[in-house]
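Heads up, the thing below is written out as structure tokens.
Count residues from 1 along the sequence.
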Amino acid sequence: MSALSDPADVYRRWGYLMADLDPLGRLAPFRHPDIEAAEARRDADGGQAARWRAVYCGPIGVEFMHLPHPERIRFIAERMERPAPPPAPGTQQALLERLASAELFERFLHQRYIGTKRYSLEGTASLIPLLDAILGAAAAAGAVIAVIAMSHRGRLNVMHHIVGVPPASIFAGFEDLEPKSVLGGGDVKYHKGATGTYGAPSGAVSVHLVSNPSHLEAVDPVAMGRARARQDRCGAGGRDRVLPVTLHGDAAFAGQGIAAETLNLADLPGYSVGGTLQVIVNNLIGFTTEPPALHSSRFASDAAKRLDVPIIHVNGLDPEAVQRAGRLAAEYRAAFHTDVVVDLIGFRRYGHSEVDDPTTTQPLLYRAIDAQPMLWQAYAGRLGQGGDAQARLQETINAGFEAELERGRAMSRAPSLRSLPAYWNPYVGGRHDESLEVPTAVDAGRLAEIARLITALPGTFRPHPKVARGLEQRLEMGSGRRPVDWGMAEALALGALLHEGIPVRLSGQDSRRGTFNQRHAALFDVGTGAERVPLRHLHAGQARFDVIDSPLSEAAALGFEFGYSRDYPEALVLWEAQFGDFANGAQVIIDQFLVASETKWGLLSGLVLLLPHGYEGQGPEHSSARLERFLALAGDHNIQVCQPTTAAQYFHLLRRQALRRWRKPLVVATPKGMLRSPAVASPIEAFAAGAFRTVIPDDGAPAATRILLCCGKIAHELEAERDRRGDRTTAVLRLEQLYPFPGPEIVAALARHPQAAEIVWVQEEPRNMGALAFIQARLQRLLDGRHVRAVTRSESASPATGSHAAHLLEQEALLSLAFLRAEDATDR
């Protein structure tokens, strides 16, 4: 006996399993027992089963009955079940011409640039009318900006037909003009971003196609962050005005972990964009791998079932159904501000790329594909247009492409495919220029006022007793009665920026409180649980401050913040790892976006990474932020890598990042155990004067005969060990900025010690890690080949020991070796 007695509900719930979705028959209909029962009753129900089967088992199959919201179920059911209105005059011809242009564009490239990769859209060319329907419906609902992310397949087609890039500009890219202009940089044509205007019937939509690498799905959170930044810029109503659309391959959507991480951001307050339209361009194949080896369930889209969102499957060879699915998705998103998944099922006419032969692994499949006509021709036949009409249309479209090809070949240089928004006009990239430096000190009176405001609470608010004591101490720090610790230095830096009109967004795992109980940017009433964010209560005209506890994610979370920084350059955007080691979970974002976006795509970012770093016996995954990786990726002034050793240095570093026009990502190795150390604390006078110093010289040992050069926590330990030994012949120089390498500043600091015959680099990390490999050669060049000895932990495959006792022994040995004279030691 069926669990559902109403045939309508049977087909609403299970009809998608029998829908006519795959043009090549690879998705055999699955007959659910409830459908079997409904079919068995068809004579008794007066033909109701046949009626509902026509609605829910046709070219569109919708998964929506799992939604826990009755009004959303009704929304979809009403639109699926109402009779389709007759096509408006001219719409079918317009759809035909759109399909013909999309497919003939691919064929034109195939014939003119034989053997060149372009990742053809043929087999899923109905993606173009799908996007037409989505953008048209979105514009009618008030959208004025669309942020689109996609990988390589069909990208050039989307650039032309959706973004509006002239074919001549795309053809010029195939001509590879001016190769010397991108030596060591640039990117392939199907990774580059583009901007343009889409002319929807109800109004223009500004379209931004996001630049991306070949790492499939890595662009997903970047596009989401960009959309959120655009929405925040719009203010009230931003989620209706800015629409994010992400296009996926079926194999990547099901298989890539960052896609799942990004889906999880959908309804989190700090990340929500009011719904992303997720379009799976589904070829039912991944390179040479077929679906049974790609995902463990029937549909690649099943990865989205973690969300309470509808999934719309549609047969890509029925263009009218595709447009209907696109309108339904966009209208649902506009009504309920959630994600919607559209699973556009087609095929891939060629191999993974045009230079790949797919018949070696799928001979039967590609025999069937070869027998498929071009979609536009099949649709023309449905409309009753014969061969002569088709030939005329093809001739007209190809003539236009030929003219565009000649224009492209006549260009002396490849044109830019995008223009940056005006809010990027004040900012510059390139190599560092001293003229870009700005004052970062803040008047002592202003600092005291900020301290007073962020420690003042409403009379009814009851903070935790430990937090209350901390606020009292912070008030004393602001007035100069107590040295300023790390957490307060950060609060003062952010407070001053907010007061000056610079927005701040800080996110990360447990970042509201701080992993080490050091930040307390959000306070909680112990009686009611009410939240108060003191930095939002400075003055009425202050800038926006967001502090966000991220999900347990690195890749998607960091990708989102990178994207946010791309469209909010005037804001200070910070992402904090719970421990610096955990940044390796976001290595693809770091490698492909953070350090390379300027070189590959000419796109700047001022994103700050806060990575807790330091050896304190907490084990291999809680010690090292892997400075060696960032330094290996540093080149041509692409990033900044700093390890400030005092609270004042951190204060000036954050303010420098926000205030100067030079926009580069900043990687900061922040302390853990030293956060509250008196050695790190700074007097309030150091905030009211001075600036960030890339090198801190040692003024206390002018007659030193040897110099210990180091960065980070070990500097304080070396100074403490020197004092314990009563050593007056050793100077400790702190390298606060590792990259860009401050060569002149190092030379000047070393020159203060003319009697120093020995220079030693000291680091906590093993010899094959840390900054040694980066620093040693550069130091020796600065010193005309003079030998620089190194004291480190022994070379290791693991960053640190898991034994606290072993750590103490290692640290003791490290300090002893640092003070061992050259004649008594070899490099360790």
Side-chain angles (χ1 to χ4, degrees), residues 98-125 127-128 131 148-196 207-214 216 219 247 249 281 287 348-358 374 376 394-419 596-597 599-603:
R98 195 69 163 155
L99 286 170
S101 181
E103 287 196 296
L104 291 173
F105 176 79
E106 298 288 1
R107 285 292 169 95
F108 189 86
L109 290 173
H110 193 63
Q111 294 164 358
R112 296 303 186 275
Y113 300 101
I114 298 171
T116 301
K117 292 181 181 181
R118 71 178 192 280
Y119 298 99
S120 169
L121 192 58
E122 291 175 76
T124 47
L127 173 65
I128 300 304
L131 292 175
I148 299 178
M150 66 183 300
S151 59
H152 37 277
R153 186 159 310 283
R155 188 180 187 88
L156 302 179
N157 215 310
V158 169
M159 277 187 183
H160 169 44
H161 288 99
I162 301 300
V163 184
V165 175
S169 298
I170 296 173
F171 298 153
F174 280 87
E175 298 296 327
D176 210 9
L177 306 172
E178 286 195 304
K180 291 183 179 179
S181 68
V182 291
L183 291 177
D187 204 349
V188 292
K189 60 186 74 67
Y190 38 81
H191 287 175
K192 294 179 180 178
T195 58
V207 181
H208 301 256
L209 180 62
V210 182
S211 302
N212 69 282
S214 277
L216 300 176
V219 74
L247 312 184
V281 185
F287 207 142
R348 188 183 67 194
R349 172 118 6 221
Y350 306 103
H352 175 65
S353 72
E354 290 67 31
V355 301
D356 179 57
D357 180 5
M374 296 181 76
W376 77 271
Q394 181 169 337
E395 183 179 354
T396 300
I397 291 173
N398 281 338
F401 289 144
E402 286 286 358
E404 288 289 312
L405 177 62
E406 293 307 311
R407 279 192 281 272
R409 287 174 171 170
M411 294 177 180
S412 59
R413 63 177 59 187
S416 175
L417 303 180
R418 52 104 175 122
S419 58
S597 64
T599 296
K600 293 197 293 188
W601 311 311
L603 301 177

Would you name the heavy atoms of Met159 and Ala194 that are closest together and state the gap between them?
CG-CB, 4.2 Å
Steps toward side chain to side chain contact (heavy atoms under 4.5 Å, CB included) verdict (Tyr119, Arg155):
CA-CA 8 Å; Tyr119 298 99; Arg155 188 180 187 88; over 6 Å; no
So how far is it from Leu109 CG to Leu405 CG, rounded to the nearest 0.5 Å?
9.0 Å
Flag side-chain contact, heavy atom, 4.5 Å: Asn157 against Leu127:
no
Is any side-chain heavy atom of Glu175 closer than 4.5 Å to a side-chain heavy atom of Met411?
no
Please tell me if the side chains of Arg407 and Pro166 come closer than 4.5 Å, counting only heavy atoms from C-beta onward.
no
Heavy-atom closest contact (Ser211 atom, Leu603 atom, distance)
OG-CD1, 3.6 Å
Identify the residue among Glu354, Arg349, Glu122, Arg118 that makes a side chain to side chain donor-acceptor pair (under 3.5 Å) with His110.
Arg118
Counting C-beta onward and ignoring hydrogens, is there a side-chain heavy-atom pair between Arg418 and Val163 closer than 4.5 Å?
no
If the plane angle is over 60° it's perpendicular, under 30° parallel, otherwise tilted; pick one for His352 and His152.
perpendicular
I'd like to know whether Ile128 forms a side chain to side chain contact (heavy atoms under 4.5 Å, CB included) with Leu99, so could you lay out the CA-CA distance, the side-chain angles of the two residues, the decisive distance to 0.1 Å, and finally the verdict.
CA-CA 7 Å; Ile128 300 304; Leu99 286 170; over 6 Å; no
Mind running side chain to side chain contact (heavy atoms under 4.5 Å, CB included) on Glu106 and Tyr350 for me, showing each step along the way?
CA-CA 11 Å; Glu106 298 288 1; Tyr350 306 103; over 6 Å; no
May I ask you to decide if Ala596's main-chain N or O and Thr599's side chain share a donor-acceptor pair within less than 3.5 Å?
no
Taking the side chain as C-beta and beyond, is there a heavy-atom pair between Ser101 and Phe401 under 4.5 Å?
yes
Side-chain (Arg348) to main-chain (Gly123) donor-acceptor, under 3.5 angstrom:
no
Residues two or more places apart in sequence or in another chain: which of them pass salt bridge (charged side-chain N to carboxylate O under 4.0 Å, His left out) with Arg98?
Asp132
Which heavy atom of Gly408 sits nearest to which heavy atom of Ala172, and what is that distance?
O-CB, 3.9 Å
Could you tell me if the side chain of Phe105 sits less than 4.5 Å from the side chain of Leu156, heavy atoms only?
yes
Is there a donor-acceptor pair under 3.5 Å between the side chain of Glu103 and the backbone N or O of Ala125?
no
To the nearest 0.5 angstrom, please state how far the CD atom of Gln394 sits from the CE atom of Met374.
7.0 Å
Determine whether a donor-acceptor pair (N or O, by modelled atom type, separation under 3.5 Å) exists between the side chain of Ser151 and the backbone of Leu216.
no
Between Ile397 and Ala100, what is the shortest heavy-atom contact and its length?
CD1-CB, 3.6 Å
Please step through side chain to side chain contact (heavy atoms under 4.5 Å, CB included) for the pair Phe287 and Asp356, ending with a clear verdict.
CA-CA 9 Å; Phe287 207 142; Asp356 179 57; 4.1 Å; yes
Over all heavy atoms of both residues, which pair between His160 and Val165 is shortest? Give the atoms and the distance, please.
ND1-O, 3.1 Å
Just wondering, do Asn212 and Met150 contact through their side chains at under 4.5 Å, heavy atoms?
no
Can you check whether Ser120's main-chain N or O pairs, donor with acceptor, with Arg153's side chain at less than 3.5 Å?
yes
